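One structure is given here, and the rest of the page talks about it.
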Protein chains: 2
Amino acid sequence: MRPKNLAKEEAIRLIALQIISEEGLENLSMQKLAKAANISPRTIYIKYENKEDLLIKLFIDEVLGKYEKAILENFDPKMAFADGMKRLWLNTFHYLRNNKPAFSLIRYGKSSPLLNKAFQDKNIQQGAFFAPIHTFLKTNVQAGLIPDLPHDVHSALLFSPIQDLVAEYFDHLDRPVQIITEKVILTSCEIVIKGILK
Amino acid sequence: MRPKNLAKEEAIRLIALQIISEEGLENLSMQKLAKAANISPRTIYIKYENKEDLLIKLFIDEVLGKYEKAILENFDPKMAFADGMKRLWLNTFHYLRNNKPAFSLIRYGKSSPLLNKAFQDKNIQQGAFFAPIHTFLKTNVQAGLIPDLPHDVHSALLFSPIQDLVAEYFDHLDRPVQIITEKVILTSCEIVIKGILK
DNA sequence: TTAATAAGTAAACAATCGTTTACTTATTTT
DNA sequence: AAAATAAGTAAACGATTGTTTACTTATTAA
């Protein structure tokens with residue numbers, strides 16, 4: 001049989017992300033995607049059941065999967081708390097800064113009911129994303145370093161700001177001076193650490 | 001001449017928000033909206049130029065306008081720092097908790113290029129949203145209480161977590177025990193305050 | 001070398017999209 | 001009471017939507 005053309009499969013995912021990032025999820029259509037990827041609409045349906053299936057797989061496997069891997073690079077749950085936090089923040093900053101299309105879809109993951117549901121389902125059925133971070137926080141609670149709060153609360157307190165700082169990095173891209181620098185990220189991370197430490 | 005039916009105008013806005021909240025911005029269509037509001041599609045075009053105009057006005061005037069008003073209730077830039085922060089956090093929590101459709105569109109404001117651009121344009125041309133918060137932070141920088149960082153950085157550090165906590169409140173709505181309570185909000189706010197104070 | 005078969009294409013499907021045309025209704029001003 | 005006029009409706013416009021049908025191409029296993 002004729003083998004799959006993996007280059008076309010990758011083109012679909014790459015260009016879908018590009019359209020979402022530049023024009024918005026609400027302006028992505030299968031026909032626009034096919035045309036931009038220089039393939040027939042039918043080809044997308046060989047690789048994905050339908051549009052929702054494409055979006056969910058793009059979000060869960062392609063975007064969140066790679067994002068998780070990038071964030072956890074050189075991170076170990078046994079690291080000292082402040083070191084671990086700085087590693088996670090810098091990894092987030094570096095990865096997202098260089099992957100705007102991925103960041104765009106991640107943002108839609110918090111708005112779109114479809115993607116939000118897909119994320120929750122995945123977390124329940126196949127184990128949570130960012131499991132090492134769970135362990136890291138749990139360990140530091142048990143060590144008495146940080147207060148014992150639900151994981152979702154920890155997550156909001158410790159990682160929401162870095163996500164918004166990345167958004168601000170992109171918002172400032174076309175301006176003469178970039179205010180969101182690595183130094184600002186580290187300063188911000190230290191402020192967050194100071195708040196959570198008992 | 002025949003006067004505008006204000007009830008219909010409000011129905012359009014209300015039902016548009018409802019559809020966006022339940023089905024997502026990507027599933028809002030003018031015909032669906034008209035049918036749900038029990039009016040002719042043409043009626044929407046009497047009040048709004050086109051779909052983009054409707055979305056932008058819904059976002060800027062209806063949602064962000066009311067949101068700003070609600071957050072600043074009983075807030076004064078001259079309040080003590082911790083008091084002001086707690087006021088802003090609790091106002092945010094109370095308002096958004098009771099206005100899920102508004103919260104949904106606010107979330108889309110950070111993903112959708114159209115809405116994001118509209119927000120930035122508005123902030124530049126007609127003065128920033130949440131101006132009293134600007135003043136509040138500036139005052140506390142000058143008083144030497146908090147570090148002198150760009151406003152966007154302050155904003156990410158001090159208010160990103162409360163937005164995500166509200167999202168988690170809604171995510172937990174159907175579960176037996178609500179973990180995002182007013183007490184958790186206040187505890188979280190105190191942690192953020194502790195981090196930023198010099 | 002050929003039979004088998006999945007990958008891929010071009011073109012089209014009904015349904016729906018955003019928007020408009022042609023018309024009626026309701027209200028105000030004269 | 002009638003002229004003027006914006007608000008609103010029903011129906012339809014061409015374009016585009018997600019998806020499929022009918023067909024061709026490229027590859028592998030026999």
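Convention: sequence-line order gives letters A, B, ...; per-chain numbering from 1. Everything numeric in this text was worked out from a predicted model, so none of it was measured.
- Taking B:Lys100 as the reference, nothing meets the salt bridge (Lys or Arg N to Asp or Glu O under 4.0 Å) condition, with sequence neighbours excluded.
- Every residue meeting the side-chain contact (heavy atoms from CB on, under 4.5 Å) condition with B:Ile56, not counting sequence neighbours, appears here in chain and number order: B:Ile60, B:Leu114, B:Ala118.
- Look at CD on B:Gln31: it is 10 Å from C1' on D:dA12, rounded to the nearest Å.
- For A:Asp148, the side-chain contact (heavy atoms from CB on, under 4.5 Å) partners at least two apart in sequence or on another chain are A:Val141.
- In the region residues 17-24 of chain A, proximity to DNA chain C at under 4.0 angstrom, judged on heavy atoms, holds for none of the residues.
- Separating the NZ atom of B:Lys32 from the C1' atom of D:dT17 is a distance of 13 Å, rounded to the nearest angstrom.
- Atom pair B:Leu55:CG and C:dT19:C1' shows a separation of 15 Å (rounding to whole Å applied).
- Between B:Lys8 and D:dT9, a side-chain N or O to OP1/OP2 separation shorter than 4.0 Å is present.
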Considering only distance and modelled atom types, tabulate donor-acceptor pairs under 3.5 Å from the side chains of residues 186-198 of chain A, sequence neighbours left out.
from	atom 1	to	atom 2	distance (Å)
A:Thr187	OG1	A:Lys183	O	2.9
A:Ser188	OG	A:Val184	O	2.8
A:Glu190	OE2	A:Lys86	NZ	3.3
A:Lys194	NZ	B:Leu197	O	2.4

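- In this structure, CG of B:Asn27 is placed 14 Å from P of D:dT17, rounded to the nearest angstrom.
- Counting any heavy atom pair closer than 4.0 Å across all strands shown, A:Leu33 reaches no nucleic acid atom.
- Within residues 37-50 of chain A, the residues having any heavy atom closer than 4.0 Å to DNA chain D are, in order of number, A:Pro41, A:Arg42, A:Tyr45, A:Asn50.
- What separates CG of A:Leu6 from P of D:dA26 is a distance of 17 Å, to the nearest Å.
- Within the 4.0 angstrom heavy-atom criterion, no nucleotide atom of any strand lies near B:Leu54.
- When the P atom of D:dT16 is taken as reference, atom NZ of B:Lys51 falls 15 Å away, rounded to whole Å.
- Legend: residues meeting side-chain contact (heavy atoms from CB on, under 4.5 Å) with A:Glu68, ordered by chain and number and at least two apart, are A:Leu72, A:Phe129, A:Phe130.
- Between the P atom of D:dG18 and the CD atom of A:Glu26 lies a distance of 13 Å, rounded to the nearest Å.
- In terms of heavy atoms, A:His94 sits closest to A:Asn98 at O-ND2, 3.0 Å.
- Of all heavy-atom pairs spanning A:Ala16 and A:Leu33, the tightest one is N-CD1, 3.6 Å.
- Residues that satisfy the side-chain contact (heavy atoms from CB on, under 4.5 Å) test with A:Asp164, not counting sequence neighbours, are A:Arg107, B:Lys110, B:Ala156, B:Ser160.
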For residues 43-50 of chain A, which side-chain N or O atoms pair as donor and acceptor with protein atoms under 3.5 Å away, sequence neighbours left out?
from	atom 1	to	atom 2	distance (Å)
A:Thr43	OG1	A:Ser40	O	3.4
A:Asn50	OD1	A:Glu52	N	3.3
A:Asn50	OD1	A:Asp53	N	2.9

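- Remark: C1' of C:dA14 and CE of A:Met30 are 17 Å apart, rounded to the nearest angstrom.
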